[in-house]
A.B. asks: 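Below is a structure I'd like to ask you about.
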Amino acid sequence: MDLGQDIPERGGRGPVGHVPVLLKEAIDFLAVQRGGTYLDATVGLGGHSCEIAKRLGAPGHLIGFDKDPAALEMASQRLGVRVNESPTVTLIHASFAEAGERIPPASLDGLLADLGVSSLQLDDPQRGFSFQADGPLDMRMNPMSGRTAEQVVNHLDERELADVIYEFGEERRSRRIARALVRSRPIQTTKQLVDVVSAAARPMNQGHDQYDRRIHPATRTFQALRIFVNRELDDLKALLEAAPRVLKPGGRLVVISFHSLEDRIVKDATRDGAKQGIYRLLTKKPVTASEEEIAGNPRSRSAKMRAAERM
């Protein structure tokens with residue numbers, strides 16, 4: 001197995017609690033061909049990649065991108081177990097936004113992107129992604145580069161902070177929350193952030209906005225900060241722009257998103273591509289998780305998958 005960059009050594013932990021979302025559906029739409037070349041743009045802990053690798057066989061080539069060196073190391077352990085008929089595996093520590101630069105034109109039979117935050121990141125309080133446990137306010141998928149959520153919360157001015165929360169969290173109370181955050185600085189932990197946002201984002205009256213009462217009041221603010229810190233929407237646009245160039249004719253694009261901002265970008269890119277004769281749409285409406293999958297993996301509830309074939 002070839003690692004695109006060296007991965008720092010860590011303790012040999014397994015992929016704890018990781019359940020790949022829409023696994024069967026994603027593999028079915030990819031229509032993996034033995035001996036083909038496939039890109040898992042968000043290799044994570046290797047759940048989808050392992051299923052792709054099983055179908056590729058020895059002549060095949062699996063390429064995986066991930067920003068998170070910890071996830072990439074765990075994936076390398078899973079995918080590095082060599083058995084008869086294993087494909088060549090290349091793992092690259094980079095954002096999938098670089099796919100257009102690193103992948104040769106018309107070389108892929110399929111491209112899969114499972115967007116959002118992984119179980120590894122959510123379940124580790126030290127990463128700062130979750131409001132359910134106290135930890136440092138980090139939120140970087142690549143902990144070795146970029147601004148932390150703490151730096152964003154404490155250094156942006158009130159108007160910029162409100163714009164981030166509104167644009168990337170679709171939070172209508174963004175200005176009220178930003179004002180509270182600025183007044184409460186410095187904010188250094190996830191618990192501090194949760195406490196300030198929860199106080200500021202309470203519904204103005206109990207009969208208003210039932211949806212707001214179904215989700216934690218800090219959900220949208222955490223989402224906004226994570227997306228902003230990791231440049232998730234810009235990276236997704238770059239990947240979708242590169243996809244038609246790196247896919248072979250007949251190659252499949254499969255994208256799993258977890259909130260409306262991502263899904264809108266994927267929908268627009270694939271529909272525009274279909275109008276231009278670049279894609280044939282395989283999903284007129286997004287594919288969602290079954291009740292059985294949601295019962296076993298509640299995080300799949302918000303997943304939406306879209307697929308297209310390169311013309």
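Because only heavy atoms are used, hydrogens play no part in the values below, and waters and symmetry mates are left out as well, while side chains stay in.
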A.B. asks: Report yes or no: does Q192 contribute a side-chain atom to a donor-acceptor pair with the main-chain N or O of Q188 at less than 3.5 Å?
C.D. replies: yes
A.B. asks: Decide yes or no on salt bridge (Lys or Arg N to Asp or Glu O under 4.0 Å) for D138 and R140, but give the supporting numbers first.
C.D. replies: CA-CA 6 Å; D138 194 314; R140 291 174 298 172; 2.8 Å; yes
A.B. asks: If you measure from the Lys or Arg side-chain nitrogens to the Asp or Glu carboxylate oxygens, is any gap between R264 and D268 under 4.0 Å?
C.D. replies: no
A.B. asks: Does some side-chain heavy atom of F129 sit less than 4.5 Å from a side-chain heavy atom of D124?
C.D. replies: no
A.B. asks: Whether the side chain of T270 engages the backbone of A308 through a donor-acceptor N/O pair (distance < 3.5 Å, no angle test) should be reported.
C.D. replies: no
A.B. asks: I'd like to check R310 versus K248 (side-chain heavy atoms, cut-off strictly below 4.5 Å). Are they in contact?
C.D. replies: no
A.B. asks: Could you verify whether a donor N or O on one side chain and an acceptor N or O on the other, from E73 and Q77, lie under 3.5 Å apart?
C.D. replies: yes
A.B. asks: Would you say that F131 contacts L193 through its side chain, given a criterion of any heavy-atom pair below 4.5 Å between the two side chains?
C.D. replies: no
A.B. asks: State whether the side chain of Q151 and the backbone N or O of T148 hold a donor-acceptor pair below 3.5 Å, judged by distance alone.
C.D. replies: yes
A.B. asks: List the steps and the verdict of salt bridge (Lys or Arg N to Asp or Glu O under 4.0 Å) for R220 and E170.
C.D. replies: CA-CA 7 Å; R220 294 192 185 104; E170 299 181 295; over 6 Å; no
A.B. asks: Quick check on R185: does its CZ atom have over 12 non-hydrogen neighbours (other residues, nucleotides or ligands) under 6.0 Å away?
C.D. replies: yes
A.B. asks: Could you note down all residue pairs passing ring pair (Phe, Tyr, Trp, His ring centres under 6.0 Å) where residues 235-260 supplies at least one of them, sequence neighbours left out?
C.D. replies: none
A.B. asks: Under a 4.5 Å side-chain heavy-atom rule over Ile, Leu, Val, Met, Phe, Trp and Tyr, are V182 and Y166 clustered together?
C.D. replies: no
A.B. asks: In Å, rounded to the nearest 0.5 Å, how long is the span from OG1 of T221 to CZ of R173?
C.D. replies: 8.5 Å
A.B. asks: Name each donor-acceptor pair under 3.5 Å that joins a side chain in residues 49-70 to protein atoms two or more places apart or in another chain, with its distance.
C.D. replies:
{"residue": "S49", "atom": "OG", "partner": "D40", "partner atom": "OD2", "Å": "2.7"}
{"residue": "E51", "atom": "OE1", "partner": "R55", "partner atom": "NH1", "Å": "3.0"}
{"residue": "E51", "atom": "OE2", "partner": "K54", "partner atom": "NZ", "Å": "3.0"}
{"residue": "R55", "atom": "NH1", "partner": "E51", "partner atom": "O", "Å": "2.9"}
{"residue": "H61", "atom": "NE2", "partner": "T90", "partner atom": "OG1", "Å": "2.9"}
{"residue": "D66", "atom": "OD1", "partner": "D68", "partner atom": "N", "Å": "2.8"}
{"residue": "D66", "atom": "OD2", "partner": "G44", "partner atom": "N", "Å": "2.8"}
{"residue": "K67", "atom": "NZ", "partner": "N230", "partner atom": "O", "Å": "2.6"}
{"residue": "K67", "atom": "NZ", "partner": "D235", "partner atom": "OD2", "Å": "3.0"}
{"residue": "D68", "atom": "OD1", "partner": "A70", "partner atom": "N", "Å": "3.0"}
{"residue": "D68", "atom": "OD2", "partner": "Q121", "partner atom": "NE2", "Å": "3.0"}
{"residue": "D68", "atom": "OD2", "partner": "R127", "partner atom": "NH1", "Å": "2.9"}
{"residue": "D68", "atom": "OD2", "partner": "R127", "partner atom": "NH2", "Å": "3.1"}

A.B. asks: Got R78 and V43 here, is their nearest side-chain heavy-atom distance under 4.5 Å?
C.D. replies: no
A.B. asks: Determine, stepwise, if the pair K267 / D272 fulfils salt bridge (Lys or Arg N to Asp or Glu O under 4.0 Å).
C.D. replies: CA-CA 8 Å; K267 178 181 70 175; D272 289 348; over 6 Å; no
A.B. asks: Looking at every non-hydrogen atom in both residues, tell me the closest pair between G116 and E262 and how far apart they are.
C.D. replies: N-OE2, 3.8 Å
A.B. asks: When you compare the side chain of L23 with that of H48, does any pair of heavy atoms fall below 4.5 Å?
C.D. replies: yes
A.B. asks: Could you check whether R299 pairs with D123 (Lys NZ or Arg NE/NH1/NH2 to Asp/Glu carboxylate O, under 4.0 Å)?
C.D. replies: yes
A.B. asks: Counting only heavy atoms not in R175 (residues, nucleotides, ligands), do more than 12 fall under 6.0 Å from its CZ?
C.D. replies: yes
A.B. asks: So, are R306 and D263 salt-bridged, with charged N and O less than 4.0 Å apart?
C.D. replies: yes
A.B. asks: Are there over 12 heavy-atom neighbours, none belonging to R301, within less than 6.0 Å of that residue's CZ?
C.D. replies: no
A.B. asks: Write down the atom of L247, the atom of L253, and the distance for their closest heavy-atom approach.
C.D. replies: CD1-CB, 4.1 Å
A.B. asks: Got L115 and I256 here, is their nearest side-chain heavy-atom distance under 4.5 Å?
C.D. replies: no
A.B. asks: Can you tell me how far CG of L236 sits from OG1 of T42, rounded to the nearest 0.5 angstrom?
C.D. replies: 10.5 Å
A.B. asks: Do I227 and E167 come within less than 4.5 Å of each other through their side chains, counting heavy atoms only?
C.D. replies: no
A.B. asks: Do S107 and I103 make a side-chain contact, defined as non-hydrogen atoms from C-beta onward lying under 4.5 Å apart?
C.D. replies: yes
